[in-house]
Peer 1: 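Let me begin by handing over the structure; questions about it come next.
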Amino acid sequence: QIIELRGALDKGFKLLNWNSLSIPEFTDSCMKSINKFNAVVKQIQKNASIIKGVVDAISSVELLKPPSTPPGAELPELAELFDDIDKNRQAQLDELLRQYHQ
């Protein structure tokens, strides 16, 4: 798209002068190329925004959440703690996948 835009604009630097009869065609060609380029830029910005949202969602997930044991309660056994952490991690990953596929 950049090469196409540059090609359309270059005609004005090399071929045209103030007395050229093809100035309206040149301006139409430039406007078409600029509009195409603008559409590509907007699509890229939209995609970047979507990617940023996904990355922000991933970075804000707490994969290793500590167990919620009330104060004074016994700490869980290591196997139970590992299972709780793994279930939480899997639930968080499943939620991220669900959000990503929407």
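Only heavy atoms go into these numbers, but all of them, side chains included; no hydrogens, no water, no symmetry mates.
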Peer 1: Output the distance between atom CG (Leu78) and atom CG (Asp83), rounded to the nearest 0.5 Å.
Peer 2: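 Answer for the CG-CG pair, Leu78 versus Asp83, is 9.5 Å.
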Peer 1: Identify the residue among Val55, Val54, Asp56 that makes a side-chain contact (heavy atoms from CB on, under 4.5 Å) with Ile58.
Peer 2: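 The residue from Val55, Val54, Asp56 that satisfies side-chain contact (heavy atoms from CB on, under 4.5 Å) with Ile58 turns out to be Val54.
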Peer 1: Do Gln92 and Arg89 touch side chain to side chain, with heavy atoms closer than 4.5 Å?
Peer 2: no
Peer 1: Considering residues, nucleotides and ligands other than Ile50, do more than 12 of their heavy atoms fall under 6.0 Å from its CD1?
Peer 2: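 For Ile50, atom CD1 is crowded (more than 12 foreign heavy atoms under 6.0 Å).
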Peer 1: For a quick test of reading the model, state the closest non-hydrogen atom pair linking Cys30 to Ala8 and the distance between them.
Peer 2: SG-O, 3.7 Å
Peer 1: Check for me, please, whether Leu5 and Met31 land in the same ILVMFWY cluster - side-chain distances under 4.5 Å, paths through other members count.
Peer 2: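 No, no single cluster joins them.
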Peer 1: Looking only at the side chains, is there a donor atom on one of Asp86 and Gln90 sitting less than 3.5 Å from an acceptor on the other?
Peer 2: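 No pair is found: no donor N or O on one side chain lies under 3.5 Å from an acceptor on the other.
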Peer 1: Any side-chain heavy atom of Lys36 sitting closer than 4.5 Å to one from Val40?
Peer 2: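 Side chain of Lys36 against side chain of Val40, heavy atoms only: no contact under 4.5 Å found.
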Peer 1: Does Leu97 have more than 12 heavy atoms from other residues, nucleotides or ligands lying within 6.0 Å of its CG?
Peer 2: yes
Peer 1: Following the transitive rule for hydrophobic clusters with a side-chain heavy-atom cut-off under 4.5 Å over Ile, Leu, Val, Met, Phe, Trp and Tyr, establish whether Val41 and Ile34 coincide in one cluster.
Peer 2: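 Linked within one cluster.
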Peer 1: Working to the nearest 0.5 Å, report the span between OG1 of Thr27 and NZ of Lys32.
Peer 2: 10.5 Å
Peer 1: Find the distance between CG (Asn38) and OG (Ser33) and round it off to the nearest 0.5 Å.
Peer 2: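 Taking CG in Asn38 and OG in Ser33, the distance rounds to 12.5 Å.
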Peer 1: Got a donor-acceptor contact below 3.5 angstrom from the Ser49 side chain to the Gln45 backbone?
Peer 2: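 No: the side chain of Ser49 does not pair with the backbone of Gln45.
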